[in-house]
Each structure stands twice: as C-alpha cells, then as structure tokens.
Amino acid sequence: MTGNNVRLQAIKGVEAYVPPAVSFNETEIPGEVFGENVFTKVVMQKRLPKSVYKSVIATIEHGAKLDPVVADSVASAMKDWAMEKGATHYAHVFYPLTGLTAEKHDSFLDPESDGTALASFAGKTLIQGEPDASSFPNGGLRNTFEARGYTGWDVTSPAYVLENPNGNTLCIPTVFVSMTGEALDHKTPLLRSQQAMGVHAERVLKLFGHENPDHVVSYCGPEQEYFLVDRHFFVARPDLLNAGRTLFGAKPPKGQEFDDHYFGAIPERVLGFMMDTERELFKLGIPAKTRHNEVAPGQFEVAPMFERANVAADHQQLLMTTFKTVAKKHGMECLFHEKPFDGVNGSGKHVNFSLGNAELGSLLVPGDTPHENAQFLVFCAAVIRAVHKYSGLLRASVASATNDHRLGANEAPPAIISIFLGDQLADVFEQIAKGAANSSKGKGVMHIGVDTLPVLPTDPGDRNRTSPFAFTGNRFEFRAPGSMQTVSVPMVTINTIMAEALDYCATELETAVAGGTEFDTAVQNLLTEIITAHGAVVFNGDGYSEKWQIEAADRGLPNLRTTVDALPELITDEGMELFEKYKVFNHREMHSRYEIGLEHYNLTVAVEAKLTLEIGSTTILPAAVRYQTELAQNVASLKAAGIDADTEALMEISTTISALKAALAGLKSAIAGNTAEDALAEAEYTRDKILPAMADVRTAADTLEGVVADDLWPLPTYQEMLYIL
Ligand code: ADP
Ligand code: MG
C-alpha cells in the first residue's frame, strides 16, 4: 500500500468496529465468580483429608516446612477438581529471567500398555517438573551440557484453571532452579527474601512483647499503568509491533497539557474491555479493584488489592497476560512499555509495600500519635536505614533500557532514591534526631466553605508524586519500577534490605537490653542513631526540581541516571555480601543477574536501532523523496510556464532529507562500529553512541512529518493512535 492508505484503512477499521458482546451472564453475581477457577483453601478443605489439609495450611499460613507425604493426596484432589472444570492438561508455570511467564503443558492422560489411557497425576508430578532449561537466560549459571532445570511446586501460591477456547489447563505456580539448586527465575529469590525478612521482623516483634508472633510476610499492591491503542494502528507501526514503543512520531498539536484525561470519563469501548478483564481476573482470584484514566491520552491504570508478595507477583504476571489477550478481543492492543510515546507521560508500576501478618495487620500503621508508637517507629526507621544504605540496589532493581526513558523525565521519580515521609512523620523523626519525640502533629480538618458539605478530615501525611519511595499512611510506595517489569525484582530487593535493617535493629536492642539498658531507652537510642546516620535519604520537597539534583549530590545520595550506571551496583562487594548473608543470592546468582541485565539492555537497543534504520530508510525517506519530487516538478512546471517559482518548500525538504540521510548513515556506522568485548563495554557503547545516533534519525524524520503532505505520510500519527479509540 502506498501513501497514506495504510492509515486510511486503519481509520476505516476503527470506525467500523463493533464491540464484542460481553460474555456476562445476567444472573451471575460478581462475588460468586471470584476465585471460581482457583484451588482455594475452601476447595482444599472440602476435598482433602483433614490431616493433609491441616499440614498444607500450616505451610501456607505459618511458613512450616512442606511435608512431602501430602503431595499425593493434594495432587489427586487437584486433578479431580481441575478435570471437573474441563482441564485436560496441567502446566508448571514459572517465571524465567526473561521477565515473562513460561509454562510447560502435559496431558493428564497416560497411555496404558493395552492401548487405553488413564488420567493420572501423581504427587511427584505435582512437586517437581523438568523442562529443558537450555533456552532460558541463565547468565552463566549453567553450562549447555547440563541443560536440566527443575520446577518445584510453590504451595503458597494457589493453583488455578486457565480457560482457553481450545481446552482448559490446570496451572501450578512453581520455582525454577538449576541442577545445583541455583535460581533460574524470579520466584525463588522472592520466596527466599520473604523468609529472611520474616525471621528478623519476628525478632523485633518479640522484643516488643509479642511472645510468639505469627509468621511475618511482605505484602505487595502493584498499580499497573498501560496504554490502549487500536489494533489497526498498532499493526501499521512496525516500531510498536517489534519494540513496543514508537521510534518515530511528531508531537500532536494537542498533547496532555489540558489535563483532561486524568480521572476523566472512561470511553465506552475501554470500559467494556475493563469489565471483561475484571471478570477474567476475578475468576482467577485476582482482586482487581481500582480502575481509572491516567494522565496521558489513551493511558489507564488498574490496581489490584494488595496480597502476599509472591502471590501478588504471580497475579501481576497473569494480569498482564490477561490484559493482552482481552484487549485483542476488543480490537485493541495493550501496551505495557514504559514509554510508548515520546512527549507524553510514560507508564510505571507502583509497588506498594508493607509487612505484617494476619494477626497484627500492617506493621507500618502509625496510629494517631506515631511518636508514642515505638514499634511502628522501629519498623519505619528500618525502612529509612534500608533505603539509604542500599539505594543503589533499589535503583538497579528497576533498571532497564525501557525504563530509562521514563525515570528522571519529570513525569516519574528521578533516578535519585529518596524517601518521602509526609509532614507528621518527618516532624516526629526531626524530634527524635534532637533527642526524643514528644508530640505528633494531629489530623486537621478542611473547611470547604459550603454549609451543606461535610467537614473533611485531612491526612497528616500529604501526597508527593515526585518521590520514588513515599510513605502513604500504612505502607511505602516504590514508584520507580517500570510498567513492563515483574514486581519480583524490586520486591526481592526491598525484602532483603529490610531483612538486614531489621536484623540490625533486633541485634542492637537485644544487646542493649542484655547489657542492662532499659528497653525504652534502648529504642530511643536506636531511633536517634538511625535517623542521624540515615536521615539524609528523607526528602519531602519536589523531586523533579533541578535544585534537588544539586542538594542530593551534597547529601551524598547516588544519582544513577542510566541502566548502565545502575547495574554494576549488583556486583559491588557490599551488595553481594548482603544477598549472600541473607541467603537470597550467592555470588554466582548475582553475577548472572548482572550479566542478563546488561545483555537485555544491549539486545533491546540493538533491535530498536535496526528498526530505526529500516523504517527510516524504507518508509520515511521514500515518502519524503516522493514529496520532494512533487515539489520539484511543481517548480519546474511553474518555471516552464514563465511563473516565478517559490522554491522555499523545496529547499526546506531537501535540507531535511539530507539531514535524514546523514543521520541514517551515522546510525549505520555506529551499529557497525561496535567492537566492545564484554557486555558492560557494549552497554556503554550502546548508551553513548547508538542511542544518540537513533535520536538524530528521529529528529530529522519527525521534522519531515511536519513538512511532507499528509496524504503521502505512511505511518499512523500520534494524533491518530492516542485519540482514536
Ligand atoms: P493510589 O493511586 O492512591 O496510590 P490505589 O488505590 O491506586 O492508590 O492503589 C493503592 C495500592 O496499594 C493498591 O494495590 C492497594 O491494595 C495497595 N495497598 C493498600 N494498603 C496496602 C498495604 N498495607 N500494603 C501493601 N499494599 C497496600
Ligand atoms: Mg499510587
């Protein structure tokens, strides 16, 4: 297709679009659908022998060691339940270091020697699987001659039946490890880190008089931002299709400056999509709760209720797959890329973190008078210490080529990791730094000035969207993670640095008390010491401002601007010792993550660079040359007719075409000139040479978009992609 035909066809397609009939059953009650396809505790209680049920619950709820003898009984109940739900296959689902979800499907049916087949699912099949690991990234953890990888059942994350028009599958969440037991996935370290943090949190609780505290776990509530684009436009954009983001595109005349999209009315088609996704998520027991428009046009957010970190992480992955599938059904593509469109806000995934247990709830609840709530203050101080001491690791946990476009772009937090405490808490800690805290700023009330309206209470802690790590009343919200990444990586880091900080607090307090110091005094001393040593990380001001960059440097806070700056944090002595001490990663595992991070960065940009070259040379340049020819012919005809020809437009396009050609040649030689010998050198080269060369191509191409006749422009424009839904 030539000229703008691709675009016209796409627009026709959008106009002719009829939404699919939503498959709601009118008599269906949403509450009843919830968890319908999940092997829940209620199902287990009904179907398992009492002793088996008790044993499994002890593992799930209280972290008791899994008793392998229960496996046969659970497997058989699980198989019967799944087959009643139409499942013919089962799959061990795991989370390899690609950041995606992997599954290996097997049939329940086992052929017998007499030619019949018997449905079977033994305990050992539930507990362990053996997919070929050789095609998954391992960062040097495995030699190809020992390609074996093992999956192992994660009892703490419930199994579920995944529906598919071609048959249903019983899905079992698993870890994925090498023959030597080293982690080849994101779940194993998450479980390890959770365990480590729990142990030290319980020590602190004991000191505060909780005699036998229940198992402490970490909770995660992930808020997911995403874009929706009509499929017709999506498939007409090779950059979106292959790289997940637009590598070209001039800014639309109307961007997000009207602020009219945020929390605006949700378009009908999108609402239909949201309702459909929620129904699917509900069936899988995923508590999708909040939905709204986001800041940019075409951008939306979904926030499921918080859950235990490892369950939340599994659910988050399922949510992303479900969104992709359902969007297609509605004729749209769901974009999870951090920055699909230049010049409009990108997408993040806010990771809300707290720790606690069923009995005590969140341990990060300050109450009305936090200065009197010593236990809360110790947990909060632990967060301050952890984030200050290991801010580089936190930064590294969200590092990717795609998230680099977002962090520090005045729409997401800067690359400097700091903590926002809010007025009330910041004031309490200021008092502590000076000695002791004697008061808490109370809740205020807001007078609106209309008698018929209620007087609204104001929170003592305000919001600050510019902070990467903000206290939000009963949890901390880590806002730097990218929209595409798994929440496991930041959660592993948070859990591990918290394990260290809580270990430190517990040891300090235990030692002081053993030495005869009164407990209250010991707590006071600990808090003062922590806020004095680590208070530099607390910042309540505007994180987007230029001033903060300078002040943060004065405070000695690292500012790791790019992935290439951040990833080496993973292999510093301090980082490696931390993860080894809490048995989350050994040195080899850390190195493997570092290597994979770099490889992924290099590959991502390499694909983008090739696409830029290809689209620039074969799509944009020809369109511009056609228009140039048209202009040249016009000038020639005018001259032949003896009319004074205005050559300004022809001159302008010719100059820009030359600029585009030069930029394409520059990019080509930059790609060819990469002779780096190791992954880090290649990443540096990529950042310093390839990305700028790509930017030059884009600048010339985007200028051409504003010059070339619209009926010759081949790529769907920003205007079309962002506003036609
Ligand atoms: P906001 O946009 O105001 O930050 P949302 O309602 O969009 O809030 O999302 C808040 C997220 O934080 C939800 O996923 C919610 O379940 C989660 N959350 C609430 N309380 C906790 C908690 N104690 N621990 C972890 N996450 C929590
Ligand atoms: Mg939020």
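Just so it is clear, the model here is predicted, and its values are computed rather than measured. Below, each value reflects all heavy atoms present in this structure, side chains not excepted, and no hydrogens, waters or symmetry copies. Order of listing sets the numbers, starting from 1, for every ligand and every atom in it.
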Taking Gln299 for its side chain and Gly346 for its backbone only, find out whether a donor-acceptor pair lies under 3.5 Å. yes

Under a 3.5 Å distance rule, please check whether Asp404 uses its side chain to pair with a backbone N or O of Thr563 as donor and acceptor. yes

So if I count the atoms of ligand 1 from 1 in the order they appear, which ones are less than 4.0 Å from some heavy atom of Pro304? 13 (C), 14 (O), 16 (O)

Per-atom filter on ligand 1: closer than 4.0 angstrom to a heavy atom of Asn474 are 20 (N), 23 (N)

Please evaluate residues Met197 and Ser218 with respect to the criterion side chain to side chain contact (heavy atoms under 4.5 Å, CB included), reporting the C-alpha separation (whole Å), side-chain torsions for both, the decisive distance (0.1 Å), and the verdict. CA-CA 8 Å; Met197 191 202 62; Ser218 62; 3.7 Å; yes

Judged by non-hydrogen atoms, does Glu301 sit under 4.0 Å from ligand 1? yes

Looking at Glu500 and Arg385, is there a salt bridge between them, counting it only when a charged N and a carboxylate O are closer than 4.0 Å? yes

Ligand-residue contact atoms, ligand 1 with Glu477, heavy atoms, under 4.0 Å: 4 (O)

Options Arg308, Met305, Glu223, ranked by nearest heavy atom to atom 4 (O) of ligand 1, top entry: Glu223

For the residue pair His388 and His534, categorise the inter-ring angle as parallel (less than 30°), tilted (30 to 60°) or perpendicular (more than 60°). perpendicular

Any N or O of Asn352 closer than 3.5 Å to N or O of ligand 1: yes

Phe306 N/O to ligand 1 N/O under 3.5 Å: yes

Polar atom proximity, Ser362 to ligand 1 (N or O, under 3.5 Å): no

Do the rings of His200 and Tyr582 sit parallel, tilted or perpendicular, given the 30° and 60° boundaries? perpendicular

